[in-house]
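What follows is a short report on a single structure.
What you see below is based on every heavy atom in this structure, not just the backbone, and it leaves out hydrogens, waters and symmetry mates.
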Amino acid sequence: MLLHIREVLTRDEVRHARAILADAPWGDGRITAGSQSAQAKNNEQLPENCEATRQVQQLLLRGLERHQTFFSAALPKQISPPLFNRYGGASNRFGNHVDSAVRYLQGGAGRVRTDISCTLFLAEPDEYDGGELMVEDTFGEHRVKLPAGDLVLYPGTSVHRVEPVTRGQRIGSYFWIQSMVRSDEQRRLLFDMDNHLRRLRAAAHLGEADPSVIGLTSTYHNLLRMWLDV
């Protein structure tokens, strides 16, 4: 499932993040790449343990915590600490690659199975040319370039790339999610059911005690119970 999630960060939060990142110690992005990705990767990245990284990580994680659509779609069991990258000038692209199946966290803090890959945009689309995230699936290629503060989720199994940035700078965050529901197909079904249930409540002005709401909520949670890994 490829999903655009709007306004994970507010405009004020984006401005705050950008102010922190403006003076941050950017370095070569290939330092955290695997052997295959390093051959395709040409961007800048913040060190994982610097103060700017920690500050913007906290900002982003707070945005995720309050976002109902994100939790409904991802059903996160564990979220890897968000990282931050920048494309522009001579460091302007990331060729086709597949993310590693497991993300090992810094300092022996554990590991995350990369069921879902995430990119949050921190630069507005008109600030740079190029820089689209291209995600491949069985339906072809999907071109993603979102407003600052918006997030895209896509399967960690996807081949993807970042097109060359020919003007300006593309700034963003990326991270991975190990979901409580491993199957992308099952997550999609649960997300669709949750959305339809919320629309039914709103459109028909049904309360939580309505028999239809109780029945569908029961079905949702029984499916979740069947597929869940906690």
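No donor-acceptor pair closer than 3.5 Å links the side chain of Thr53 to the backbone N or O of Asn49. Formation of a donor-acceptor pair under 3.5 Å by the Trp26 side chain with backbone atoms of Leu21 is found in this model. In this structure, Glu127 contributes its side chain and Glu124 its backbone to a donor-acceptor pair below 3.5 Å. Checked by atom type and distance alone, the side chain of Arg111 never pairs as donor or acceptor with a backbone atom of Val102 at under 3.5 Å. Under the 3.5 Å distance criterion, the side-chain polar atoms of Ser91 are left unmatched by any main-chain donor or acceptor of Gly88. Under the 3.5 Å distance criterion, the side-chain polar atoms of Asn42 are matched with a main-chain donor or acceptor of Ala90.
Under a hydrophobic-cluster definition in which Ile, Leu, Val, Met, Phe, Trp and Tyr are linked whenever side-chain heavy atoms come within less than 4.5 Å, directly or via other members, Tyr128 and Val152 are assigned to the same cluster.
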Exercise for review: Applying side-chain contact (heavy atoms from CB on, under 4.5 Å), run through Leu59 and His16 and close with a yes or a no.
Suggested key: CA-CA 9 Å; Leu59 192 69; His16 186 200; 4.2 Å; yes

Check your understanding: Where do Arg54 and Glu51 land on the salt bridge (charged side-chain N to carboxylate O under 4.0 Å, His left out) test, with the steps shown first?
Key -> CA-CA 5 Å; Arg54 286 191 286 269; Glu51 182 59 26; 3.3 Å; yes

Exercise for review: Any chance you could lay out the salt bridge (charged side-chain N to carboxylate O under 4.0 Å, His left out) test for Glu163 and Arg170, step after step, and finish with the verdict?
Suggested key: CA-CA 11 Å; Glu163 295 284 71; Arg170 176 197 193 268; over 6 Å; no

**Study point:** Verdict with supporting geometry, Met193 and Thr219, side-chain contact (heavy atoms from CB on, under 4.5 Å)
**Key:** CA-CA 9 Å; Met193 181 177 289; Thr219 299; 4.1 Å; yes

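By the 4.0 Å N-to-carboxylate-O rule, Glu141 lies close enough to Arg161 to be salt-bridged with it.
Listed by chain and number, the residues in a side-chain contact (heavy atoms from CB on, under 4.5 Å) with Ala73 are Met1, Leu3, Leu153, Phe191 (sequence neighbours excluded). Considering only residues two or more places apart in sequence or on other chains, Asp229 meets the side chain to side chain donor-acceptor pair (under 3.5 Å) condition with none of them. Partners of Tyr154 by ring-ring contact (aromatic ring centres under 6.0 Å, His included), not counting sequence neighbours, listed by chain and number: His160. In terms of the side chain to side chain donor-acceptor pair (under 3.5 Å) criterion, residue partners of Ser72 (sequence neighbours excluded) are, by chain and number, Asp194. With sequence neighbours excluded, the residues satisfying side chain to side chain donor-acceptor pair (under 3.5 Å) with Arg86 are Glu44.
For CD of Gln169, the number of neighbouring non-hydrogen atoms (other residues, nucleotides, ligands) closer than 6.0 Å is greater than 12. Atom CZ of Arg6 is surrounded by 12 or fewer heavy atoms from other residues, nucleotides or ligands within 6.0 Å. The environment of NE2 in His142 is crowded: more than 12 heavy-atom neighbours from other residues, nucleotides or ligands sit within 6.0 Å. Around CZ of Arg11, the count of heavy atoms belonging to other residues, nucleotides or ligands within 6.0 Å does not exceed 12. In the displayed structure, Arg188 atom CZ is contacted under 6.0 Å by at most 12 heavy atoms of other residues, nucleotides or ligands.
Proximity of Pro81 to Leu105: side-chain heavy atoms (C-beta onward) are separated by under 4.5 Å at one or more points. Annotation: side chain of Leu133 is in contact with side chain of Val135 (closest heavy-atom distance under 4.5 Å). Using a 4.5 Å cut-off on side-chain heavy atoms (C-beta onward), Asp23 and Ile20 make no contact. Residues Pro82 and Val56 fail the side-chain proximity criterion, which asks for heavy atoms closer than 4.5 Å. With a 4.5 Å cut-off on side-chain heavy atoms, Leu190 and Leu224 count as touching. Between Arg18 and Val14, the closest side-chain pair of non-hydrogen atoms falls below 4.5 Å. Using a 4.5 Å heavy-atom threshold, the side chains of Arg187 and Asp115 count as touching. Side-chain contact check for Phe175 versus Thr114: every heavy-atom pair is 4.5 Å or farther apart.
Listed here is the closest heavy atom pair of Gly130 and Thr166: N-OG1, 4.5 Å. Taking both residues in full, the closest heavy atoms of Thr157 and Val98 are given as O-CG1, 4.1 Å, listed atom of the first, atom of the second, then distance. Between Asp99 and Ser117, the shortest heavy-atom distance links the atoms OD2-OG, 2.7 Å. Taking both residues in full, the closest heavy atoms of Leu75 and Ser179 are given as O-OG, 3.2 Å, listed atom of the first, atom of the second, then distance. For the pair Arg103 and Ser80, the tightest heavy-atom approach, listed with the atom from each and the gap, is CG-CB, 4.3 Å. Contact between Gln45 and Leu83 at its shortest, heavy atoms only, is NE2-CD1, 4.4 Å.
The only member of Asp150, Leu9, Leu64 that meets side chain to side chain contact (heavy atoms under 4.5 Å, CB included) when paired with Leu120 is Leu9.
With values rounded to the nearest 0.5 angstrom, Ile116 atom CD1 is found 12.5 Å from Arg182 atom CZ. With values rounded to the nearest 0.5 angstrom, Glu136 atom CD is found 12.5 Å from Leu2 atom CG.
A side chain to side chain donor-acceptor pair (under 3.5 Å) check over residues 61-70, counting only residues at least two apart or in different chains, returns the pairs Glu13-Arg66.
Side chains of Tyr87 and Asn43: a donor-acceptor N/O pair is present below 3.5 angstrom, by distance only.
Aromatic ring orientation, Tyr174 versus Trp176: perpendicular (interplanar angle above 60°, classes split at 30° and 60°).
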